[in-house]
Amino acid sequence: MPPEFARRVLALLAKVPPGRVTTYGTLAELAGYPRHSRHVGHLLGKLPEGVAAPWYRVLGAGGRLSRPGSHHADWQRLQLEEEGVEFNASGKVDLRIFGWPDQMV
DNA sequence: GGAATGACCATGG
DNA sequence: ACCATGGCCATTC
């Protein structure tokens, strides 16, 4: 896995505006590595604390939280809600509205 | 080199 | 809508 991948993903992540969210699959694809969603997730997991990357704006497919139960998930949800992202009854985010990049529908 | 693992995704029951 | 199964790709043992 070339360092390019990590760099690209982080760059894209930095482009995600506040109040918007993206998914692992999307980041991987935009980074030029389709179907590498797992690695995006793992990459973010390895990120040092000092890195200024809004990883909390990254959700799983369909806007689901990646690691429910974890205290991080709780914090993550709060962060997103503070930015104006809304969670539906299922605890998921409507990617058609808050998804990034804009979903053409 | 082979097997197991992982912040996942899509599909089927 | 929820749980189970199969497929993905790269890293690690």
Side-chain angles (χ1 to χ4, degrees):
Chain A
M1 183 103 123
E4 288 279 316
F5 179 68
R7 205 158 53 74
R8 284 229 184 190
V9 171
L10 293 178
L12 288 166
L13 188 54
K15 291 187 200 304
V16 181
R20 292 295 193 80
V21 295
T22 188
T23 70
Y24 297 101
T26 301
L27 281 180
E29 186 175 352
L30 292 180
Y33 291 81
R35 293 174 287 289
H36 283 58
S37 47
R38 317 178 78 137
H39 306 108
V40 174
H42 212 78
L43 168 65
L44 297 180
K46 292 188 308 181
L47 279 182
E49 301 177 5
V51 176
W55 59 268
Y56 53 82
R57 289 183 194 150
V58 183
L59 303 176
R64 288 188 350 274
L65 291 171
S66 3
R67 297 184 61 180
S70 175
H71 58 82
H72 280 133
D74 203 35
W75 173 84
Q76 179 177 9
R77 174 166 176 162
L78 289 178
Q79 284 296 311
L80 294 177
E81 287 180 337
E82 254 182 53
E83 294 186 348
V85 178
E86 296 175 7
F87 287 73
N88 62 23
S90 307
K92 299 193 302 189
V93 176
D94 191 341
L95 293 178
R96 294 173 307 178
I97 303 177
F98 302 103
W100 180 92
D102 294 335
Q103 310 249 328
M104 342 224 164
V105 185

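Note on naming: letters A, B, ... go to the chains in the order of the sequence lines (proteins, then strands), and numbering restarts at 1 for each one.
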Next item on the list: Please round to the nearest 0.5 Å and tell me the distance separating atom CG of A:D102 and atom CZ of A:R20.
Entry: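 Taking CG in A:D102 and CZ in A:R20, the distance rounds to 4.5 Å.
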Note to self: Rounded to the nearest 0.5 Å, what separates atom CG in A:L13 from atom CH2 in A:W100?
What the structure shows: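 If I round to the nearest 0.5 Å, the distance is 8.5 Å.
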Next item on the list: For DNA chain C, list all stems, counting runs of three or more consecutive pairs where every pair is Watson-Crick or G-U wobble with both distances under 3.5 Å.
Entry: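 Listed by first number, the stems are B:2-6 with C:9-13, B:8-13 with C:2-7.
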Please state how far atom [atom1] in [X] lies from atom [atom2] in [N], giving the value in whole angstrom units.
{"X": "A:F5", "N": "C:dT11", "atom1": "CZ", "atom2": "C1'", "answer": "13 Å"}
{"X": "A:L59", "N": "B:dC9", "atom1": "CG", "atom2": "P", "answer": "10 Å"}
{"X": "A:E29", "N": "B:dC8", "atom1": "CD", "atom2": "C1'", "answer": "14 Å"}
{"X": "A:Q76", "N": "B:dA7", "atom1": "CD", "atom2": "P", "answer": "14 Å"}
{"X": "A:L43", "N": "C:dA10", "atom1": "CG", "atom2": "C1'", "answer": "12 Å"}
{"X": "A:Y24", "N": "C:dG7", "atom1": "OH", "atom2": "P", "answer": "24 Å"}
{"X": "A:R38", "N": "C:dC9", "atom1": "CZ", "atom2": "P", "answer": "11 Å"}

[X] side chain N/O closer than 4.0 Å to the phosphate oxygens (OP1, OP2) of [N]?
{"X": "A:S90", "N": "C:dA1", "result": "yes"}
{"X": "A:H36", "N": "C:dA10", "result": "yes"}
{"X": "A:H42", "N": "B:dG6", "result": "no"}

Check: When only distance counts, do a donor and an acceptor, one from the side chain of A:R35 and one from the base of C:dC9, lie under 3.5 Å apart?
Finding: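 Result: no qualifying N/O pair found.
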Next item on the list: Grab the two heavy atoms, one from A:V9 and one from A:A31, that are nearest each other, plus how far apart they are.
Entry: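 Nearest heavy atoms, A:V9 then A:A31: CG2-CB, 3.9 Å.
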Margin query: Quick check for you: among C:dC9, B:dA10, B:dA7, whose closest atom lies nearest to any side-chain atom of A:A61?
Written below: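 So the nucleotide nearest the side chain must be B:dA10.
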Note to self: Measuring from the side chain of A:H39 (C-beta onward, heavy atoms only), which nucleotide among B:dG6, B:dC8, B:dA10 has the closest atom?
What the structure shows: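 Among the listed nucleotides, the one closest to the side chain of A:H39 is B:dG6.
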Next item on the list: Assign the ring pair A:Y33 / A:F5 to parallel, tilted or perpendicular, where the plane angle (0 to 90°) is split at 30° and 60°.
Entry: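 Answer is perpendicular, since the angle exceeds 60°.
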Notebook entry, point to check: Between A:P34 and A:K46, which is nearer to the 5' end of DNA chain C once each is assigned its nearest nucleotide?
Noted result: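 It is A:P34 whose nearest nucleotide is closer to the 5' end.
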Notebook entry, point to check: Which part of the nucleic acid, if any, lies within reach of A:G60 when heavy atoms closer than 4.0 Å are counted: base, sugar-phosphate only, or nothing?
Noted result: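 Counting heavy atoms under 4.0 Å across all strands, the contact made by A:G60 is with sugar-phosphate only.
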Margin query: Taking side chain to side chain contact (heavy atoms under 4.5 Å, CB included) as the criterion, tell me which of A:R64, A:R77, A:Q76 meets it with A:L59.
Written below: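 That would be A:Q76; it is the only one of A:R64, A:R77, A:Q76 passing the side chain to side chain contact (heavy atoms under 4.5 Å, CB included) with A:L59.
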Next item on the list: Test A:R57 against A:E83 for side-chain contact (heavy atoms from CB on, under 4.5 Å), laying out the working first.
Entry: CA-CA 10 Å; A:R57 289 183 194 150; A:E83 294 186 348; 3.1 Å; yes
Item checked: Lys NZ or Arg CZ of A:R38 over A:Y24 ring: under 6.0 Å, within 45° ->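 The answer is no; the distance or angle limit is not met.
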